[in-house]
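This structure is a prediction, so every number in the text was calculated from the model and none was measured.
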Number of protein chains: 2
Amino acid sequence: MARPSGSDAGVTGPRVRDAAERLFAAHGYAAVSMRAIAAEVGIGAGALYHYTPDKQTLLFQLMRAHLEEVIAAWAETDPKGAPADRLDAFARFHIQFHLDRPEAVFIAYMELRALEPDNFAVIETLRRRYEAILRDILAAGVAAGEMQVADVPLAANALIAMLTGVTTWYREGGRLERGEVETLYAQMALGAVGAQKSSAKTF
Amino acid sequence: MARPSGSDAGVTGPRVRDAAERLFAAHGYAAVSMRAIAAEVGIGAGALYHYTPDKQTLLFQLMRAHLEEVIAAWAETDPKGAPADRLDAFARFHIQFHLDRPEAVFIAYMELRALEPDNFAVIETLRRRYEAILRDILAAGVAAGEMQVADVPLAANALIAMLTGVTTWYREGGRLERGEVETLYAQMALGAVGAQKSSAKTF
DNA sequence: CTTGGAATTGAACGCTCGTTCGGTTCATAT
DNA sequence: ATATGAACCGAACGAGCGTTCAATTCCAAG
């Protein structure tokens, strides 16, 4: 018995990536064996190598696909209005992405050290590009006099860490709804840089 | 040659813990082998077992010692004044601890998933106790009308994540001095909850 | 100067790791 | 009906894992 009935690469491929993503996020790249991934999918360990040349590439491709998706998704979400409104939108967008794909985001931020140098360079470039979005918003806010930020890169790092941290505690079906979490984090982000939404301005 | 000259448990013991802390923080618990730790210390792998019953306990004791130290240190730092001033002090304290011992703090927050259930329960209790400090400050700030916080546990989580994130980018000798980083993070923390230091109040 | 315990070596154990590969079965196109 | 390639199994490889232990050497107390 070598090829079970119903086997299909179009089905198994995504299942391999899903299983790897789940397990990497839960236990960490180094702690997850190829056999564990295969068992999660329900195939033998050897069959994994129809879907990835090796374990490292499996991680790398998960991270790259995710980061490219995030960057592309923001490009379509960016309201392109006042900096304070863009920051509000960015905070909500970031939170939404985390709550939609907690595993992928967690891996992208936590398993950088597991990447081999060449792969790390690629991922790091994408990560910097994403963080540059927030830096640009803050710089524009300072220029427009809408925000008080003493150091833009520092503030961007601090806000990203704050927003990303939502995955460490939020659980679906808990005390707070997703929309509430979004709103509260966005308010804190605006408050941290001394800004407020244009709709809340007091003239 | 089995026992080299100059060997001394009083010296080797701390060096084992230091090496483990450094390597765990850099590569992750699962990715660090006992042989790698031993090599860093300059002894054989077998000799490590004079200083720890096993690898898991080595991690556990590092985390517990660190968390107990943080909690004790804050008890002596707490200004016990107005909530806004306590939050300012807490933010500075947290940042200082991160910059003094980036490896230990990083491990305590990142390697929770590497702990066996019994050890996890102990560490989780200590971690909650530390986070409760911040929750108490925020709750007092809300009660005193000094802060606007819609949800105290959420705000505490967000602030802790923001403050802890400093380790991911700060490097000694970089663009910013430690004191500046402290001040900027404390300002952002206060801003995020709509507070300000008592010395900055406008009467 | 002797002696006993402390510190360490280095080999070895059983196990699991990532990866390879020959063989086997299923799905599909002709 | 047949043939071909895709999908997969299961065994195997060498390497490295955490851990144990007898043997060995150093240090300090008497």
Side-chain angles (χ1 to χ4, degrees), chain A residues 1-21 23-24 26-63 107 111 113-119, chain B residues 1-21 23-24 26-63 107 111 113-119:
Chain A
M1 47 196 75
R3 158 112 125 126
S5 66
S7 62
D8 179 359
V11 170
T12 307
R15 289 191 58 204
V16 167
R17 286 184 284 276
D18 285 356
E21 191 170 287
L23 293 175
F24 286 164
H27 310 293
Y29 173 76
V32 174
S33 70
M34 294 297 271
R35 284 172 178 82
I37 298 171
E40 183 93 351
V41 178
I43 61 178
L48 289 176
Y49 290 82
H50 281 273
Y51 305 100
T52 179
D54 49 43
K55 187 186 176 187
Q56 167 76 199
T57 303
L58 187 53
L59 172 66
F60 171 64
Q61 289 182 341
L62 283 175
M63 294 175 82
I107 292 170
E111 297 294 349
R113 64 188 174 188
L115 289 171
E116 290 165 4
D118 287 358
N119 292 337
Chain B
M1 47 194 73
R3 159 113 123 125
S5 65
S7 62
D8 179 358
V11 170
T12 307
R15 289 191 59 207
V16 166
R17 285 184 284 277
D18 284 357
E21 190 170 289
L23 293 175
F24 286 163
H27 309 293
Y29 173 77
V32 174
S33 70
M34 293 298 270
R35 285 171 178 83
I37 298 171
E40 183 93 350
V41 178
I43 61 178
L48 290 176
Y49 291 83
H50 280 272
Y51 305 99
T52 180
D54 49 44
K55 187 186 176 187
Q56 166 76 199
T57 303
L58 187 52
L59 172 66
F60 171 64
Q61 289 181 341
L62 283 175
M63 294 175 83
I107 292 170
E111 297 294 348
R113 63 188 175 188
L115 289 171
E116 290 165 4
D118 287 358
N119 293 337

ask   = Taking for each residue the nucleotide of DNA chain C with the nearest heavy atom, is it B:Ala45 or A:Gly46 whose nucleotide lies nearer the 5' end?
value = B:Ala45

inquiry  = Would B:Lys55 pass as a cation-pi partner of B:Tyr29, given that its NZ or CZ must be under 6.0 Å from the six-membered ring centre and within 45 degrees of the axis?
reply    = yes

Point-to-point distance, once rounded to the nearest 0.5 Å, from CG of B:Leu115 to CD of B:Gln56 = 5.5 Å

Pull out every protein N or O sitting under 3.5 Å from an N or O of nucleotides 12-15 of chain D, one pair per line with the distance.
residue : atom : partner : partner atom : Å
D:dA12  : N6   : A:Arg35 : NH2          : 3.2

Can I get a per-line list of side-chain donor-acceptor pairs under 3.5 Å for residues 31-45 of chain A, giving both atom names and the distance, sequence neighbours left out?
residue : atom : partner : partner atom : Å
A:Ser33 : OG   : A:Ala36 : N            : 3.0
A:Glu40 : OE2  : A:Arg22 : NE           : 3.2
A:Glu40 : OE2  : A:Arg22 : NH2          : 3.1

key: Rounded interatomic separation in angstrom, taking OH from A:Tyr51 and C1' from D:dC9   = 13 Å

message = If you compare every side-chain N and O of A:Thr12 against the phosphate oxygens of D:dA7 (OP1, OP2), does one of them come in below 4.0 Å?
response = no

inquiry  = As a test of reading the structure: which of D:dC8, D:dT20, C:dT20 is closest to the side chain of A:Tyr49, going by heavy atoms?
reply    = C:dT20

message = Any heavy-atom pair between the side chains of B:Asp118 and B:Glu116 that's under 4.5 Å?
response = no

ask   = Between D:dT19, C:dT19, D:dC8, which nucleotide gets closest to the side-chain atoms of A:His50?
value = D:dC8

inquiry  = Categorize A:Val32 for me: base, sugar-phosphate, or nothing, with a 4.0 angstrom heavy-atom threshold over every strand shown.
reply    = sugar-phosphate

ask   = In whole angstrom, what separates A:Leu48's CG from C:dG18's C1'?
value = 11 Å

ask   = How long is the gap from CG on B:Leu23 to CG on B:Asp18, to the nearest 0.5 Å?
value = 10.5 Å

query = Could you state the CZ-P distance from A:Arg15 to D:dA7, rounded to the nearest angstrom?
reply = 15 Å

remark   = Here the distance between atom C1' of D:dG18 and atom CG of B:Asp54, to the nearest Å, is 9 Å

ask   = Is any side-chain nitrogen or oxygen of B:Ser33 closer than 4.0 Å to OP1 or OP2 of D:dC17?
value = yes

request  = Drop me the distance from A:Leu58's CG to A:Leu48's CG, to the nearest 0.5 angstrom.
outcome  = 8.0 Å

inquiry  = Heavy-atom nearest nucleotide on DNA chain C for B:Ile43 versus A:Met34: which residue maps closer to 5'?
reply    = B:Ile43

query = Got a second to check how far A:Met63's CE is from A:Ile107's CD1, nearest 0.5 Å?
reply = 8.0 Å

request  = Between B:Lys55 and A:Gly44, name the one whose nearest nucleotide on DNA chain D is closer to the 5' end.
outcome  = A:Gly44

